[in-house]
Protein chains: 2
Amino acid sequence: MSLTIMALAEPNRLHIVELLRDGPRPVGEIADKLRLRQPQVSKHLHVLSKAGLVEKHQSAQQRIYNLRPKPFLELENWLESYRYLWEERFDRLDEYLVKLQKDETKKKGKKHG
Amino acid sequence: MSLTIMALAEPNRLHIVELLRDGPRPVGEIADKLRLRQPQVSKHLHVLSKAGLVEKHQSAQQRIYNLRPKPFLELENWLESYRYLWEERFDRLDEYLVKLQKDETKKKGKKHG
DNA sequence: TAGGAATATTCTTTTACAGGAATATATAGT
DNA sequence: ACTATATATTCCTGTAAAAGAATATTCCTA
């Protein structure tokens, strides 16, 4: 998870991933389409590879990179634990503020009594 | 999207977000639980705030931070465009390799004829 | 096996950004 | 007004990591 997010946080790497969403691509084509230098693309792909986001297949001199599902699936699972944020009817903030209010009332009561 | 991911990519910020998943928290409590210094927490919260991931509410001297749904929802939507990765029956890689194979065959044919 | 094409690696330089320390600001209570 | 508490801001420094440049490696073809 953390590795996945860190790999995706670099803008050019995110672009590469978004390009690969449309299908597998050799390094040179990625460099062309994104107007990056080949060595930087290779380096970014290396990082993405370490994070398990892409895999490499060889075809003559070319290296074809394509996305791997696992980290995306994991990201999706992680996100699920935040789904309550837009699905819950009432905010937890309200809850919290009401709780604070109550605690405050208690304190004052104690002091006086 | 890009902003969201970049904000989440810093480990301590991710921890903060995961802590806030359980409910709103004042700065000091975040610092305590994550064993971070207060100024760093404030700074991280500032970044998270700029990315729209958190909002701040005031209660006496305390500032209560809590998660905002929007960026999570957007992340979820973004992820949806990758869902084919684990839902599709056949790999796009196979497709691509077969295509390469065909192109190669064509080339050789041309040369000879 | 020489040469060319595609990609990877290495080394250096540059830059963004996280942390540390000190200080400033805001709010409440006395 | 003064003090304490909670948080924010500023300035400085160190460092990780991205880009640039040059070179190495791998593989195919003639």
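Chain letters run A, B, ... following the sequence lines, proteins first, then strands; residues in each count from 1.
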**Fill in**
Per-nucleotide protein contact along nucleotides 13-19 of chain C, 5' to 3', at a 4.0 Å heavy-atom cut-off (B base, S sugar-phosphate only, - neither), is -----SB
**Prompt:** Do side-chain atoms of A:Asn66 reach the backbone of A:Leu20 as a donor and acceptor pair under 3.5 angstrom?
**Reply:** no
**Asked** Is there a side-chain contact between A:Leu36 and A:Ile30 (heavy atoms, below 4.5 Å)?
**Response** no
**Prompt:** At under 4.0 Å, does any side-chain N or O of B:Gln58 touch on OP1 or OP2 of C:dA26?
**Reply:** no
**Item:** Sidechain-backbone polar pair: A:Arg13 side chain, A:Ala7 backbone, donor-acceptor under 3.5 Å
**Value:** yes
**Step-by-step side chain to side chain contact (heavy atoms under 4.5 Å, CB included) determination, B:Asn12 to B:Leu34** = CA-CA 8 Å; B:Asn12 287 324; B:Leu34 300 183; over 6 Å; no
**Between D:dC27 (P) and A:His57 (NE2): distance, integer Å** = 15 Å
**Request:** Using the test side-chain hydrogen bond (donor to acceptor under 3.5 Å, both in side chains), find all partners of A:Arg83 that sit at least two apart in sequence or belong to another chain.
**Result:** B:Glu76
**Asked** Rounding to a whole Å, what distance do you find between A:Leu34:CG and D:dA18:C1'?
**Response** 16 Å
**Message:** Could you go through B:Ile5 and A:Ile5, starting from their C-alpha distance and side-chain angles, then the distance that decides it, and tell me whether this counts as side chain to side chain contact (heavy atoms under 4.5 Å, CB included)?
**Reply:** CA-CA 6 Å; B:Ile5 296 183; A:Ile5 296 182; 4.1 Å; yes
Tabulated below should be each protein N or O lying under 3.5 Å from an N or O of nucleotides 5-7 of chain C; please produce it.
from	atom 1	to	atom 2	distance (Å)
C:dT7	OP1	A:Val27	N	3.1
C:dT7	OP1	A:Arg63	N	3.4
C:dT7	OP2	A:Gly28	N	2.7

**Message:** Which label fits A:Phe72 and B:Tyr82: parallel for a plane angle under 30°, tilted from 30 to 60°, or perpendicular past 60°?
**Reply:** parallel
**Message:** If we ignore hydrogens and angles and just use 3.5 Å, is the side chain of B:Tyr84 paired with the main-chain N or O of A:Arg21 as donor and acceptor?
**Reply:** yes
